[in-house]
Amino acid sequence: MTKRDSPGPSSSEPPRKRPLSIDANGKPRFRGCDSIKAYDILEKLGEGTFGEVHKARHKSTGALVALKKILMHNAKEDGFPITSLREIKILKALSHKNIIRLMEMAVEQERGPATRGTLYMVFPYMHHDLAGLLENPDVTFIEPQIKCYMIQLLEGTKYLHQNNILHRDMKAANLLIDNRGILQIADFGLARKFEEPVPVPGGGGGVADRDYTNCVVTRWYRPPELLLGERKYTSAIDLWGVGCVFAEMYRGRPILQGNTDMDQAMKIFQLCGSPTQKNMPGFDRLPGCDGVKLFGPYQRTLEGQYSSMGSAGVSLLSQLLKLDPQRRVNAMDALKHEYFTTDPLPAKPSDLPSFEDSHELDRKKFRHQKAHLPPAPAGGSVGIGQDGAGGWSGRAGEVPWANGSGAGPSRVGRPNNEPWPNGGNQRYSRQHDNRMPPHDSRAPPGHRPGPEHRQWNRPGGLDHRELGLPPRPPQAGHMDREPRGPPLRTSRGNGGGNVDTYIPSYGGGGPDDRRGNNRGRDWDRGDRDRGDRDRGDRGDRGDRRDRGHDRGYNGGGPGGGGGGGIQRRSSSRDRHREEPVNNIYRR
Ligand SMILES: Nc1ncnc2c1ncn2[C@@H]1O[C@H](COP(=O)(O)OP(=O)(O)OP(=O)(O)O)[C@@H](O)[C@H]1O
């Protein structure tokens, strides 16, 4: 039998797919499990209800990693958090340069026969998250850099959506950046598969034909359809978050800082205009539409507010921040937008300057030490609990108007005099939040800022002593965190009325959360894990973390904005594949 005759794949058969466990270079993508003893733990980077993140070094290879501890709130009763299982499963199946790679799991065995041990997700160490970079007043993005990050963000988003994954928590704090200029989308704790066809060119996010849990996405990045209670949503929800991040890179702060869901919707409509049948067809069929009638009508202000982004930038922004999710641009179309081909052209990642490391905990430490800071966003109806403060039950006429200052337009601009090292000539004056403390940009041990650092960062970073603050106690970040109050309650323990039984009642978030990432998220994390056990063993488990989160306005009503119902298993598990990333940087 000749080779030609031998049985094998015929030319009509589809090409064989690479096994999911192998990356584009033929190397195993996910190594499996290692002992935590293989790592030297260096410092804490972030902390949430869901887990702590530590920087560590692999003892034998020397590789720097981030270890994300999986917190078991109630290991005996709940077992391994199902949301973490889902996150791990999704991450293991993804392979793209703009998506964080789950390298392996690490196990810490505890003594005693009945202990289960602690599990860690192991990721490559990334020097920053985007929120941290933007909070550093000495780092000013210029347009080639913003374009470079946007391309990478859109490439990662496109890859997710083409592989039927919704991220559902797109925000600056979940975008990690390393000192080679690579941006990666992280935190898949709320991600899930979607079952509808993937987006096509010119087709926006398509149309959803089933219900999903409504209460997803951190409020400041939550799109109008979710705020109005939409459950048949599409990948367009992620593109709204991309739009928010896009403008945030110019402004230097989150652009829509609502104190409650109601306030959030109001801020959106003040920017994009009140919803009408023309700009958001069908908005009046959504359960939260009554709330819209309580304010406005507002005229659109987006083009005026963001004119400094230039006509191409404003055009892209307005396509990302379309009220109508069906007309909101999808990632593949956004990548073709003229913004990326007009001057100044996008920088290449390798041309971007490096910065001193900045992570969630650095920011928290600093903010807690500045006790005199004026109040940050109040956190809105996330805080609805037994005291009922700040929430709205969802019935028309009961509007808890936000009393916080929110994101007023009064920001102090800072002239940007830094030259672009690679010849770019566009400079942007980021408008800084004048309530914002400078970022604590400590250099890592042994780190000597090079010329680039000197150009882009305050030499040596700002020390707490420079600010006349008391010396930092050991593990100040941890100690400074808000004390946790009573343990989280579940729906079993407390129900009824408009008391959100998924929301813990520990007190205020303090002034730390300018970005709205952590306080809401901490509560959410608790919700997320707790909610799982009430949901049977299938379905949209991760969603419960946000259940009741501002739910009064989202139209979910007292019964809940959560609850995606039982969901079919997706058959698209094998669709994951690496896509070549367009070499758009070189255009
Ligand atoms: N691979 C990484 N490299 C460096 N830092 C990381 C990495 N992963 C996470 N971090 C830091 O830890 C923070 C929290 O990570 P992540 O969002 O994955 O956890 P989380 O428990 O979901 O936190 P949150 O509730 O704040 O979103 C990030 O904002 C980032 O500052």
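Just so you know, residue 1 is the first one in the sequence shown, and it goes up from there. First listed ligand is number 1; within each ligand, the first listed atom is number 1.
- When each atom of ligand 1 is checked for a heavy atom of F123 under 4.0 Å away, the hits are 1 (N).
- At a heavy-atom cutoff of 4.0 Å, ligand 1 is contacted by no atom of D169, backbone or side chain.
- In plain terms, the two heavy atoms of G181 and Q152 that are nearest each other are O-NE2, 2.9 Å.
- Residue contacts with ligand 1: A186 is excluded, as none of its non-hydrogen atoms falls under 4.0 Å.
- Neither side chain, Y221 nor N174, offers a donor N or O lying under 3.5 Å from an acceptor on the other.
- Only the side chain of N174 comes within contact range of ligand 1, with a heavy atom under 4.0 Å; no backbone atom does.
- The A173 neighbourhood of ligand 1 comprises atoms 29 (O), with distances under 4.0 Å to a heavy atom of that residue.
- For the pair L176 and ligand 1, the shortest N or O to N or O distance does not fall below 3.5 Å.
- Every atom of ligand 1 is numbered from 1 in the order shown, and the set under 4.0 Å from a heavy atom of L45 is 4 (C), 5 (N).
- Residues satisfying the side chain to side chain donor-acceptor pair (under 3.5 Å) criterion with H128, sequence neighbours excluded, are N179, S358.
- Contacts between K68 and ligand 1 below 4.0 angstrom, taking non-hydrogen atoms only, involve the side chain exclusively.
- Between F141 and I146, the shortest heavy-atom contact is CB-CG1, 3.7 Å.
- The atoms of ligand 1 that sit less than 4.0 Å from any heavy atom of D129 are 28 (C), 29 (O), 30 (C), 31 (O).
- Every residue two or more places apart in sequence or in another chain was checked for a side chain to side chain donor-acceptor pair (under 3.5 Å) with Q264, and none qualifies.
- The shell of residues lying under 4.0 angstrom from ligand 1, judged by heavy atoms, includes P124.
- Scanning all heavy atoms of the two residues, the minimum distance from L160 to H167 falls at CD1-CB, 4.1 Å.
- Electrostatic pairing of D187 and K171 does not count as a salt bridge here, judged by no charged N lying under 4.0 Å from a carboxylate O.
- In the vicinity of A66, heavy-atom distances shorter than 4.0 Å reach the ligand 1 atoms 1 (N), 2 (C), 3 (N), 7 (C).
- Taking every heavy atom of both residues into account, L130 and I177 meet most closely at CD1-CD1, 3.8 Å.
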